[in-house]
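As structure tokens, the structure follows; a few thoughts come after it.
All values below come from the heavy atoms of this structure, side chains included, with hydrogens, waters and symmetry mates left out. What you are looking at is a predicted structure, and each value in this text was computed from that prediction instead of being measured.
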Amino acid sequence: MKIFSIITKIFRDTLYSVGLMNEADNQQTKYNPQLLESKWQEFWEKNQVFRAKPSADQEKYYVLVMFPYPSGRIHMGHVRNYAIGDLIARYQRLQNKNVLNPIGWDAFGMPAENAAIQQKSHPAKWTYENIDAMRDELKTMGLSYDWKRELATCDPDYAKWEQALFLKLYHKDLVYRKKALVNWDPVDNTVLANEQVIDGKGWRSGAAVVRKELSQWFFKITDYADELLRGLEALPGWPDTVKTMQTNWIGKSHGVEFSFKIVGQDTGMAVYTTRPDTIMGVTFCSVAAEHPLAKQIAADNPDAQRFIEDCQSTGTSEEALEKLEKKGFDTGLIAIHPFSGEEIPVFIANFVLMSYGTGAVMAVPAHDQRDFEFAKTYNISIKVVIQPDGEQLDGGLMTEAYTGPGKLINSGEFDGIDNETAKKMVAEAFEEKKIGKATINYRLRDWGISRQRYWGNPIPMISCPACGVVPVPFNQLPVSLPEDVQLTGTENPLVTHPTWKQCVCHKCGGEAERETDTMDTFMESSWYFLRYCCPDENSAPLNQEEVNHWMPVDQYVGGIEHAVLHLLYARFFHKALRDIGEVKCDEPFLNLLTQGMVRKDTLNCPQHGWLYPDEVAESDGKFSCVKCNAEVSVGRNEKMSKSKNNVIDPNDLIAGYGADTARIFMLFAAPPDQDLEWNESGVDGAWRFLNRLWRMVQDIQERHGDSSPASKTPNDASLKKLRAKTHETIDRVTRDMERQQFNTGIAAVMELVNAGIKQLAAKENREDTEVGEVLMELAQTAVILLSPYAPHITEELWQILGNSDHLGMQRWPRLDKDALVKDEITVVVQINGKLRSRLTLPAESSKEDQEKAALADPKIVANLESVTVRKIIVIPGRLVNIVAK
RNA sequence: GCGGGUGUGGUGAAAUUGGUAUACACGCUGGUCUUAGGAACCAGUGGCUUACGCCGUGGAAGUUCGAGUCUUCUCACCCGCACCA
């Protein structure tokens, strides 16, 4: 960025604003975004223009942007997200909708703890200071939020109602406790989040992380797996990519669960398979290292014990799993094939997951690639039972498993049946024999919400030596975090605090202990959009009347990175709340817009690493490091990130050019769902456009300020065209808004402004009243159409145009279809699909007229001299294609 | 490996859904003007060709009077998921 020129500008603007410079030489006021943006921001706030109140007279429209984590500064991703959300909010208001557009803070989370450790202060202090700073930053963007509904999830009030919801779901039997594995740092004595584990070591201590079992709280999201899956079908307003990702995440599969008898054991071994049709091809079985049978064998077999430990140690570094060799350990156990009675060896295998299905599988090497590789390694026979059409598979010669369709062979009574039919028949056979049944399995697991962290919402449970686990009664909420703590990064202060966890069991009155875990921060984001509807409700988590008035969210806008977790948890939580009567609708977010990332070139010096743009000198298209003169490599466009020094601070942009320029740039550079490449000259382009608009409106006001906007088609042909352009633009921008292609909407207004400027420059008819009327209509239209994109400049221009009200009182321009009627049409003439000529014909000319005119055109006549016309295709008003040979 | 997406000028991107490819903007070239500004304005700008023209939407084929758009294959890049039985 041209820092110097921005500074000069800020300096000059300051001089203007304090009156040390005057603009006597300028007839017109210059466009001064700093002055007029703060002026309008104050106006909106003072007049509570964006206050949302339920209304029976207007249709409601709920716009939601993903609330930010208060990290301290806004970044370009926020600017883009909120520019899009605000554009939609303002557009819907102009469409006479009653718009709810709230904002808040996702305020619990680890960065606050880290900052507190570093600065030896308290997370709350850091968080609330950041919120104050970021609120100021957001306000400079001129976003049309109802700030009265602002909330922070760490507010005691929000935390209290969240605990209440947790308890309500607990009483509905949707919450339970079980043991689960966590990453444990044995040096820091703390649990680590996955992102704190780097190469299997704790990020702070560097100690090898071990997996430890702790009792943790879970939500029964799997109870809703099927509804969450089916619900996606009712969401046509969601991008397919997100729906596909959620579908895969839920991972529904149909199969059969049945039991193998194990020789010498009373209990069988349950397995799950989606390929019952291959049952006769089973030549071995595998179980996970954590499977009870594996543990049983390991109890008196040190080799098995060692193998199991090996399996578990490789589990930590997930990347290494990728090409992990298939390994197994023969347990010596023998399973009995349920149909053939054959004896089948049972292995412990490193690729079988305890967490999916039953943790044990039947292995069919001929028709499963993993089993195939395993069988090759351990010399187990490969028995083909599915024969594809026109091919003879031979187990001994196969180089990979065959997983396609075919007919059954070597399968006794099922021989000759196609495998899809066989799946059902085998499943039925299992049910008849009463050893198995058709089962549906999901990849989705229950949602573990326990976090062994201080800066989160406490789980309102106590554990009593006499009564066991006891929920905290509603009237004792909230369970608040102790304030007198010092975060060290080693132990959880909730555990080590001298008194906090001591409490009294309300059941027996005896001494008890509080749960020291806090809730996953995805909890807060699972219902903030509901609390926005009734932020002042002080007797319950939600006010159903208000919630049901505003819900569902009509348009949700946010980053694609939340496609699965946040959006799935929120959908689940909402459905669970529906089932306890807190909300009515089934799905919380009707339409979803996922915006792309903001990216920028990265610059890398071989000696000095990632460089800032001003550490790089350019000559002849080559870049060099200003410190060592070495050549700098320009990396791929990457997401803006502090570690790569390619971050542009939105504050600089807004301070230099104003929020309107920043918003126009963001919205113009690319469609919202696409990644956006940061580009300075694009910002200049947006700035220049707003200046062109500014001058045009001023010129029109100066010259035609007395004119009222045209309301009917003018007689003059060129004016008629200009008015048609105005109404074409209304049509285009409206359509672009509806299909959320905001970049082309701006392009359309740019064209209109260019046309207006051209008319102003024309020498003839400058004083004509008709010219004035058409131009006045053009100016007013351009201003309103652009106001959702650039709200400040358009408010100011609306006033300059002599209007006393503000744009909040306006409606979206109405399309006059008569204005679009054209006198002339352009018809393209092709010969064999190749463009040969263009004709301008009267609009009312018939199909036949167009064909005749095409054949009479001199260029066409010349081209048809040596060929015969075979066929003529006429698309009226569009083209004539002459097929000739 | 599986699933999804994207490939169009020097650049960001358009294309009314099968009908004039490159709107709008950036950049660049030339010019005008002025109180040198982050100017503004005018003209030009896909490639090849002196021209008539020819070629051109990652590549190859196909359907069609006509394909950036539909079909098949293929290449490249990006994003998810990843031993899910």
Side-chain angles (χ1 to χ4, degrees), chain A residues 1-2 4-6 8-9 25 239-249 251-253 255 271-275 278 286 318-319 321-324 326 349-353 355-364 367-371 373-374 441-444 560-561 563-564 596-597 636-637 656-657 665 668-671 673-689 691-692 695 728 731-732 735 741 743-751 754 757 761 826-835 837-838 870-873 875 877-884:
Chain A
M1 188 167 306
K2 296 152 191 160
F4 177 72
S5 52
I6 291 175
T8 0
K9 171 163 174 44
D25 50 329
D240 288 338
T241 44
V242 174
K243 288 194 276 189
T244 309
M245 280 161 79
Q246 292 208 353
T247 303
N248 293 340
W249 191 264
K252 182 177 184 173
S253 74
V271 298
Y272 172 74
T273 180
T274 54
R275 292 296 305 272
T278 62
S286 337
E318 307 233 342
E319 309 301 323
L321 276 175
E322 198 170 332
K323 292 253 154 30
L324 191 68
K326 303 270 174 295
N350 63 348
F351 60 90
V352 177
L353 304 174
S355 52
Y356 184 79
T358 61
V361 296
M362 66 177 218
V364 185
H367 305 293
D368 181 286
Q369 186 57 28
R370 294 156 302 184
D371 297 341
E373 287 168 31
F374 191 92
N441 235 311
Y442 296 92
R443 202 192 82 112
L444 183 71
I560 184 79
E561 63 271 23
V564 177
M597 296 182 299
R636 212 192 78 226
N637 248 266
Y657 290 85
F665 165 71
F668 179 64
D673 52 342
Q674 223 169 87
D675 280 1
L676 180 143
E677 188 186 350
W678 178 260
N679 176 324
E680 283 158 42
S681 51
V683 177
D684 281 335
W687 163 256
R688 271 183 241 161
F689 164 62
N691 275 282
R692 262 196 340 270
R695 285 193 302 269
E728 266 168 33
D731 193 29
R732 282 173 62 184
R735 282 210 315 264
Q741 188 147 345
N743 54 334
T744 51
I746 297 179
V749 179
M750 283 175 170
E751 283 184 48
N754 291 345
I757 288 171
T826 304
V827 175
V828 171
V829 186
Q830 299 178 331
I831 294 177
N832 294 329
K834 280 187 183 162
L835 179 67
S837 184
R838 267 170 239 257
R870 288 280 173 89
K871 192 175 172 187
I872 299 176
I873 288 139
I875 310 292
R878 269 249 152 81
L879 67 76
V880 177
N881 188 12
I882 301 166
V883 186

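- Residue Lys326(A) has its side chain nearest to C83(B) when only G19(B), C83(B), A13(B) are considered.
- Taking all atoms of both residues into account, the shortest heavy-atom contact from Gly359(A) to Val352(A) is O-CG1, 3.5 Å.
- Between Met245(A) and Asp368(A), the residue anchored nearer the 5' end of RNA chain B, judged by the nucleotide with its closest heavy atom, is Met245(A).
- Remark on RNA chain B: of its neighbouring residues Asp240(A) and Asn691(A), the 5'-side contact belongs to Asp240(A), judged by nearest-heavy-atom nucleotide.
- A sub-4.0 Å separation between OP1 or OP2 of C24(B) and a side-chain N or O of Arg692(A) is absent.
- Phosphate contact (OP1/OP2 of C65(B), side-chain N/O of Lys834(A), threshold under 4.0 Å): absent.
- Counting only heavy atoms from C-beta on, Thr244(A) has its side chain closest to G4(B) among C24(B), G4(B), G27(B).
- Of the candidates A85(B), U16(B), A82(B), the closest approach to any side-chain atom of Arg878(A) belongs to U16(B).
- Rounded to an integer number of Å, the gap from CG of Leu879(A) to C1' of U64(B) is 14 Å.
- Between A14(B), C65(B), C81(B), one nucleotide has an atom nearer to the side chain of Trp249(A) than all others, and that is C81(B).
- Of the candidates A85(B), C81(B), C41(B), A85(B) carries the atom nearest the Leu353(A) side chain, counting heavy atoms from C-beta on.
- At the phosphate of C26(B), OP1 or OP2 sits under 4.0 Å from a side-chain N or O atom of Arg688(A).
- A close approach under 4.0 Å does not occur between any side-chain nitrogen or oxygen of Tyr272(A) and OP1 or OP2 of C84(B).
- Per the geometry, CZ belonging to Phe374(A) stands 19 Å off P belonging to A85(B), to the nearest Å.
- Spacing between C75(B) and G10(B) at atom C1', rounded to whole Å, works out to 24 Å.
- The shortest non-hydrogen separation linking Thr358(A) to Val271(A) is OG1-CA, 3.3 Å.
- Once rounded to the nearest 0.5 Å, the distance linking CG of Asp371(A) with CZ of Phe351(A) reads 5.5 Å.
- Asn754(A) has no side-chain polar atom (N or O) that falls below the 4.0 Å cut-off from OP1 or OP2 of A23(B).
- Rounding to the nearest 0.5 angstrom, the gap separating the CG atom in Leu879(A) from the OG1 atom in Thr826(A) is 12.0 Å.
- Using a 4.0 Å cut-off, no side-chain N or O of Arg732(A) falls inside it from OP1 or OP2 of C24(B).
- An anti base is found at U71(B): its glycosidic angle is more than 90° from 0.
- Going from atom CG of Asn248(A) over to atom P of C81(B) covers 10 Å, rounded to whole Å.
- Proximity of Asn350(A) to the phosphate of C83(B): no side-chain N or O atom is located under 4.0 Å from OP1 or OP2.
- Within the 4.0 angstrom heavy-atom criterion, base atoms lie near Val361(A).
- Taking every side-chain heavy atom of Ala747(A) into account, A23(B) is the closest of C83(B), G66(B), A23(B).
- With no hydrogens or angles considered, a side-chain donor-acceptor pair links Ser253(A) and Tyr272(A) at under 3.5 Å.
- Asp371(A) comes within 4.0 angstrom of no nucleic acid atom, judged by non-hydrogen atoms across all strands.
- Residues Ala563(A) and Met245(A) share a closest heavy-atom pair of CB-CE, 3.6 Å.
- A sub-4.0 Å separation between OP1 or OP2 of A13(B) and a side-chain N or O of Gln674(A) is present.
- Across all strands shown, Tyr442(A) has no heavy atoms under 4.0 Å from either base or sugar-phosphate atoms.
- As judged by a 4.0 angstrom heavy-atom cut-off over every strand, Val271(A) is placed among residues making no nucleic acid contact.
- Summarising the geometry, the separation between CD1 on Ile831(A) and C1' on G53(B) is reported as 14 Å, rounded to the nearest angstrom.
- With a 6.0 Å cutoff to the six-membered ring centre and a 45° limit on the axis angle, Lys252(A) does not count as a cation-pi contact of Tyr442(A).
- Here the P atom of nucleotide U64(B) and the CG atom of Asn832(A) are 15 Å apart, to the nearest Å.
- Glycosidic conformation of G12(B): anti, with the torsion beyond 90° of 0.
- In this model, a side-chain donor or acceptor of Arg370(A) finds a partner on the base of A85(B) within 3.5 Å.
- The side chain of Asn881(A) has C65(B) as its nearest neighbour among C81(B), A85(B), C65(B).
- In this structure, CZ of Phe668(A) is placed 10 Å from P of C24(B), rounded to the nearest angstrom.
- When all heavy atoms of Val880(A) and Ile872(A) are compared, the pair lying nearest together is CG1-CG2, 3.8 Å.
- Whole-Å rounding puts the Phe689(A) CZ to A39(B) C1' distance at 18 Å.
- Between Gln741(A) and the phosphate of A14(B), there is a side-chain N or O to OP1/OP2 separation shorter than 4.0 Å.
- We find that CZ of Phe665(A) is positioned 16 Å from P of A25(B), with the value rounded to whole Å.
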